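In what follows, chains are A, B, ... by sequence order, proteins preceding strands, each numbered from 1. This one's a predicted model, so the numbers in the text were calculated from it and none came from an experiment.
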Amino acid sequence: MTYPSVYPTGATLYDPKRCWNGYTIFQAKEVGALLIDMNGGEVQLWKEFHGMPNRILPGGYLIGSTGERNTAYGMQDYVDLVQVDWDGKVVWRFNEYEYIEDPGEEPQWMARQHHDYQREGNPVGYYVPGMDPLVDRGNTVILSHKNLKNPKIADKLLLDDTIIEVTWEGETVWEWVCSDHFDDMGFREDAKNILCRNPNWRPSGGGMGDWMHINSLSLLGPNRWFDAGDRRFHPDNMIWCARETNLTAVIDKATGKIVWKLGPNYDETRELRELGWIIGQHHAHMIPRGLPGEGNIMIFDNGGWAGYGSPNPGSPTGFRSALRDYSRVLELDPTTLKVVWQYTPAEAGLAVPVDANRFYSPFISSAQRLPNGNTLITEGSGGRIIEVTADHDIVWEYISPYWGKMMKINLIYRAYRVPYDWVPQVEKPAEKPIERIDVTRFRVPGASQRGPRRVVNVEGVLPYWPDAALCVLTEGEEGGSK
Amino acid sequence: MSYTLFTATGCARCKIAKKFMDEKGIGYEEHDISGEGKDLFGQFYRNNRNSVYRGKEGIEFPVFTDGTIIRQGVGAVITFLRAGTRLDGFIGRSELSHGWMDGIHVSEGDPALADEVAEVLGFLKKNGLKLQFDTNGKHASVLQKLLEQGLGDRVIMDLKGPMALYNALLGEEIDPQEIRRTMELVTKFPEYRFETTVAPFFGQGSETGGVRYLTPEEIGDTAKWIREVTASNKQPYLLRLFDPDTSPDQRFKSLVKLSPNSLLRYRSAARKHQVLTEIERT
């Protein structure tokens, strides 16, 4: 988060030999769905085509939305979920979830889709060998919204999360409503108290409580846990995470019940305390079979501010009670909660905690496991996408050059890497390495080169110590806290 | 005959019942179950447990008895005091609170007694209660009278199904014109909604000659009927799940209960004609 005023955008690092090369798709802020190559070349823009997120399907198809509901009345309600072809022609659309009549707006059906969806054939929406999503048929599972009241949670109108399954023909055949399962989520009394008073109140539509804010949804798909007899991880079951509650959960497709969960409390067992408080997390999913780390849960643990709990100096009311100013990408064994792999400020080479906030996105963001073991990380708030190796080397980096005109931020909600052959309409692009620039010597025009014009010596100075005693302890120092 | 009225401290409905009895000069003994009447009511409850209803929010007061007959809730008490058992069926148990009263069944009872029903409801309305009626289409004339007297604040029409199956679903003959008339009247109340329970029935359309549930297509026809009669595709329309376990009809006890998600196809069919169709949340 320590950004200089001037820094390069586009591709800034690229090692073709160590990357899992392909195209990358993301929603460029207030521009559209943008497909780029490894050198940051803009292969195609689906102009002003929305997407939360956008995804490429085999054959050069793109999924996204034609637009968002007027935010005076809706909160991240996308009007539809649409599949278009390479030329932008709509080949599939779903919108018949709720008929909406907003004041001054044309009455219309809306999908109220937000944050995620999955097309049959692929559990997670990114490339998995042998698990191509269907492009001309199949059901789609969609994360949607529904307004309702539930006095167990609060006496206020709630913006609830729902999961629906719709057919290719557009018929809804399955629905799961989040608030129905409130009793099984494990909220303590302090959390229920503040949740009742402030269920994350948002002003849209006269006010509604976005109490959970589920921001990811995927299927588990085939996995070794289920093969070994653990029914919680049935391939049809779904995993989601909710930023406002710090809760990640697996629901049983057949019963709707929560069968596995992580959070909302992280102080109740030794394993949870070792894991540490997950805060405002995004893109929780099980790494699919066929990819390195298959069966583990990948989470972008944003940090930032989230959760309902007791009042504390950082949260006088207990609303957004947990705080942390850096992010972590965690790969967990879901049965032991042990961290199998992670990318945190420490792995990024940053001093923790004093310089940790240089790997930090307090909202949005994601992590995709690639077939060669690399991980594509969207550090969303700063518009940065990096590909890191299992050994934590950054082998590709891209900074979005698209700052919004209305919202002056270059955020990327979630980026995905796809293989070249998923886009057969264009020739495979050249892959030109981008060497790491030595920033200690890089100067913009007009700036002086590094190096003092004159050096003087001062008698009696002591040498610098290798581990400077900073104002706060850093990890690794004796007695340093994590 | 001595009358006993069990009341609760602060119970607004108890005050309405007492006011009615005072105005009519009906003598009674009052026992406040929050005070001196606690033990007496405890004994009364133990002796009459099957006749005193305990809902989600506890026991509704007032509870009235003449030593033989027990009536619970202000509506049932006043109705009994006004007309004895002649209006039974019209006014039953209320589940609503916060100033609302339901359990007013327009399609039950003797329609010839509509004036007496209106008189009782008028007293309740005058004393501040909001009244919710329910109807299945029968007794449109009663609904008309209640509408004309401005007595209803909300009406729920339990539309059994499409016109072609109505008699089979209702279990009796009814003139479709009366149902249409009721549907038209329903939309004139300050608040209203149509409901259909996806219910089982015997008779027409059953391939096995036995029992079967309504189909999505038949729910679609029902929604279409609402549209045709009310000239609107934006009527509030709720689909409800049938529960064989709580059905009073023993013949349905062995039926498999439909899953909540199975109603989604019904909703899709209904939404072709009524875009605001929703499924009841249980």
Q.
Quick check on Glu96(A) against chain B: is it the side chain, the backbone, both or neither that has a heavy atom closer than 4.5 Å?
A. backbone
Q) Leu148(A) versus chain B, heavy atoms under 4.5 Å apart: side chain, backbone, both or neither? A) side chain
Do other residues, nucleotides or ligands put more than 12 heavy atoms under 6.0 Å from the [atom1] atom of [X]?
X	atom1	value
Lys261(A)	NZ	yes
Arg137(A)	CZ	no
Arg197(A)	CZ	no
Lys156(A)	NZ	yes
Lys89(A)	NZ	no

Q: To the nearest 0.5 Å, tell me how far Asn261(B) CG sits from Trp174(A) CH2.
A: 7.0 Å
Q: First locate atom OH of Tyr99(A), then atom CD of Gln274(B), and finally report the distance between them rounded to the nearest 0.5 Å.
A: 11.5 Å
(Q) Can you tell me which portion of Arg281(B) sits under 4.5 Å from chain A's heavy atoms? Options are side chain, backbone, both or neither. (A) side chain
Q. What closest approach, in Å, do Thr172(A) and Leu264(B) show between heavy atoms, and which atom pair accounts for it?
A. O-CB, 3.3 Å
Q | Closest approach of Tyr97(A) to Arg267(B) (non-hydrogen atoms, all atoms of both residues) | A | CE1-NH2, 3.8 Å
Q. Under 3.5 Å, is there a donor-acceptor pair between the side chain of Arg265(B) and the main chain of Glu171(A)?
A.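 No; judged by distance alone, with no hydrogens or angles, the pair does not exist.
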